[in-house]
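As the structure lists them, so they are numbered: ligands from 1, and atoms in each ligand from 1. All values derive from a computational prediction rather than experimental measurement. When a residue number appears, it is its place in the shown sequence, counting from 1.
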Amino acid sequence: MPLSLADDVACGSEEHLLGLFEAVSDRWQLPELEILEDAQYCVYGPEDHFDWHQDQPDVAPPPARRLSLVVMLSAPGDFSGGDLELNTTGIVRPGLLAGDAIIFPSETVEHRVAPVEAGMRQTLVCWAYDAA
Ligand SMILES: O=C(O)CCC(=O)C(=O)O
Ligand SMILES: [Fe+2]
């Protein structure tokens, strides 16, 4: 029986998400990773935003977040504004379509969600941590 996305997330997609992290982690020469918490389902409505931040603060108790994953659940026509913006060597707007995922280092890549102007923007966010 096919699972809906919601069921899949709730019922243990952890190994799928870990697979996504592992598929790209080589480029950053990271230690072994694990997922320690459920993926976070985020809903942004009009005027909602998330200011510039890094997902792993400079000072924090271990285990450290190493990689951040954002899966876009909404189609571009579902909302306006609400761009995910990453500060790498300049501001990058990946322009995610529904089903697209982006993974970036949690410690170094500042990012924000610009204010949503209209509609509803839904994402799944998940982090890979240093394995214990
Ligand atoms: O929803 C997004 O695109 C990213 C949200 C975010 O940066 C976070 O939850 O840490
Ligand atoms: Fe973030």
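The closest approach between any non-hydrogen atom of Arg121 and ligand 1 is below 4.0 Å. Heavy-atom separations between His53 and ligand 1 include at least one value shorter than 4.0 Å.
Near Asp55, the atoms of ligand 1 lying under 4.0 angstrom from a non-hydrogen atom of the residue are 10 (O). Every atom of ligand 1 with a heavy atom of Leu84 under 4.0 Å away is listed here by number and element: 3 (O). For ligand 1, the atoms sitting less than 4.0 Å from at least one non-hydrogen atom of Tyr44 are 1 (O), 5 (C), numbered in the order shown with element in parentheses. Close contacts of ligand 1 with Val113, meaning ligand atoms under 4.0 Å from a residue heavy atom, involve 1 (O), 2 (C), 3 (O), 4 (C), 5 (C). If you number the atoms of ligand 1 from 1 as listed, the ones under 4.0 Å from a heavy atom of Val70 come out as 2 (C), 3 (O), 4 (C).
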| query | Can you check side-chain hydrogen bond (donor to acceptor under 3.5 Å, both in side chains) on Asp55 and His53, steps first, answer last? | reply | CA-CA 6 Å; Asp55 288 341; His53 66 282; 3.0 Å; yes

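Leu86 places a side-chain heavy atom less than 4.5 Å from the side chain of Ile102. Annotation: side chain of Leu67 is in contact with side chain of Trp28 (closest heavy-atom distance under 4.5 Å). Inter-residue side-chain proximity for Gln40 and Trp127 is flagged as met; some heavy-atom pair is nearer than 4.5 Å.
Scanning all protein heavy atoms for the shortest distance to atom 8 (C) of ligand 1 gives Phe50 CE1, 3.4 Å.
Side-chain contact, Trp52 with Asn87: no donor N or O sits under 3.5 Å from an acceptor N or O.
With respect to the Fe ion (ligand 2), Asp55 has OD1 as its nearest N, O or S atom. The N, O or S atom of His111 with the smallest distance to the Fe ion (ligand 2) is NE2.
For the side-chain hydrogen bond (donor to acceptor under 3.5 Å, both in side chains) with Tyr129, the qualifying choice from Arg66, Glu37, Glu34 is Glu37, the only one to do so.
The N/O atoms of Trp127, backbone and side chain alike, include none that comes under 3.5 Å of an N/O atom in ligand 1.
Nearest approach of Met72 to Gln122, heavy atoms of both residues: SD-O, 3.6 Å.
Around atom 1 (O) of ligand 1, the closest heavy atom drawn from Val71, Thr123, Asp51, Leu96 belongs to Thr123.
Leu36 and Leu33 fall into different hydrophobic clusters, defined by Ile, Leu, Val, Met, Phe, Trp and Tyr side-chain heavy atoms under 4.5 Å apart, directly or through other members.
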